Amino acid sequence: MVPADASKVDPYYLAYWIATRNSQDWLTGVKKGAAYTGINIEDLRNLPVSHPDKHGQKTIVQKLDALAAETRRLEAICQRKLDALAELKQSLFQRAFAGEL
């Protein structure tokens with residue numbers, strides 16, 4: 001792996017790459033001294049990036065975008081079900097305390 005070359009790395013692919021555990025570990029390992037613990041643009045420029053050709057990167061980004069959209073859809077479904085369960089629980093408690101069960 002070598003630092004990212006902007007002419008060879010799709011910015012959307014790079015955004016996903018930066019979010020990976022390996023990248024986060026690498027960025028966390030960059031030492032700045034006791035007073036500063038963040039990262040800067042120079043750290044990002046030096047971040048090692050493994051990447052296929054541009055077409056491969058675009059394919060990966062499309063698949064990851066689709067998975068992210070599906071994840072958001074499933075999260076919304078789960079949240080609606082959790083909300084419905086909370087309402088059912090509240091209703092059952094009300095009925096139980098009113099002696100209707």
Side-chain angles (χ1 to χ4, degrees):
M1 287 188 285
V2 296
D5 178 349
S7 67
K8 296 179 182 175
V9 179
D10 180 276
Y12 296 104
Y13 176 86
L14 185 59
Y16 278 117
W17 181 264
I18 290 170
T20 65
R21 165 82 55 199
N22 287 343
S23 292
Q24 292 297 307
D25 288 347
W26 188 90
L27 290 167
T28 301
V30 175
K31 302 295 182 205
K32 310 263 186 323
Y36 183 78
T37 59
I39 61 169
N40 59 37
I41 193 69
E42 194 60 33
D43 297 332
L44 291 174
R45 285 188 183 119
N46 291 323
L47 175 67
V49 178
S50 175
H51 58 85
D53 63 18
K54 285 269 193 156
H55 176 72
Q57 292 174 52
K58 289 193 184 300
T59 300
I60 290 168
V61 167
Q62 288 171 346
K63 288 180 181 183
L64 290 173
D65 284 347
L67 287 170
E70 180 65 5
T71 299
R72 285 189 300 274
R73 185 185 76 78
L74 292 171
E75 285 175 337
I77 290 170
C78 286
Q79 188 58 55
R80 286 194 301 271
K81 290 182 183 267
L82 288 170
D83 293 343
L85 282 171
E87 287 178 26
L88 176 61
K89 179 180 171 184
Q90 186 64 31
S91 173
L92 288 172
F93 281 146
Q94 287 175 349
R95 290 177 61 195
F97 289 123
E100 296 174 5
L101 292 180

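Please read these numbers as outputs of a predicted model, since none were measured by experiment. These numbers come from the heavy atoms of this one structure, side chains and all, not from hydrogens, waters or symmetry mates.
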A.B. asks: Considering only residues two or more places apart or on different chains, which pairs with a residue in residues 59-69 satisfy side chain to side chain donor-acceptor pair (under 3.5 Å)?
C.D. replies: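 Every pair satisfying side chain to side chain donor-acceptor pair (under 3.5 Å) with a residue in residues 59-69: Tyr16-Asp65.
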A.B. asks: Taking only residues two or more places apart in sequence or in another chain, which ones pass salt bridge (charged side-chain N to carboxylate O under 4.0 Å, His left out) with Lys58?
C.D. replies: Asp10
A.B. asks: Listing request: all salt bridge (charged side-chain N to carboxylate O under 4.0 Å, His left out) pairs with a residue in residues 48-57, at least two apart in sequence or in separate chains.
C.D. replies: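 Checked against salt bridge (charged side-chain N to carboxylate O under 4.0 Å, His left out) - neighbours excluded - no pair reaches residues 48-57.
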A.B. asks: Name all residues meeting the salt bridge (charged side-chain N to carboxylate O under 4.0 Å, His left out) criterion together with Arg72; count only those two or more places apart in sequence or in a different chain, and write none if there are none.
C.D. replies: none
A.B. asks: Which atom names give the shortest non-hydrogen contact between Ser23 and Ile18, and what distance separates them?
C.D. replies: CB-O, 3.5 Å
A.B. asks: So, using side-chain hydrogen bond (donor to acceptor under 3.5 Å, both in side chains) as the criterion, who are the partners of Glu70 when residues are at least two apart?
C.D. replies: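 side-chain hydrogen bond (donor to acceptor under 3.5 Å, both in side chains) list for Glu70, sorted by chain: Arg73.
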A.B. asks: Counting distance only, does the side-chain N/O of Thr28 pair as donor-acceptor with the main-chain N or O of Gln24 below 3.5 Å?
C.D. replies: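 The answer is yes, because a donor-acceptor pair under 3.5 Å joins these two groups.
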A.B. asks: Check the pair Ile60 / Trp17 against side chain to side chain contact (heavy atoms under 4.5 Å, CB included), numbers first and verdict last.
C.D. replies: CA-CA 11 Å; Ile60 290 168; Trp17 181 264; over 6 Å; no
A.B. asks: Taking the side chain from Gln57 and the backbone from Lys8, do they hold a donor-acceptor pair closer than 3.5 Å?
C.D. replies: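 Checked: pair present.
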A.B. asks: Could you list the donor-acceptor pairs under 3.5 angstrom formed between side-chain atoms of residues 78-97 and any protein atom two or more places apart in sequence or on another chain?
C.D. replies:
unit_1, atom_1, unit_2, atom_2, d
Gln79, NE2, Asp83, OD1, 2.9

A.B. asks: Between His51 and Tyr13, does a side chain to side chain contact (heavy atoms under 4.5 Å, CB included) hold up when you go through it step by step?
C.D. replies: CA-CA 9 Å; His51 58 85; Tyr13 176 86; 3.5 Å; yes
A.B. asks: For Glu75, give me all partners under salt bridge (charged side-chain N to carboxylate O under 4.0 Å, His left out), at least two apart in sequence or on another chain.
C.D. replies: none
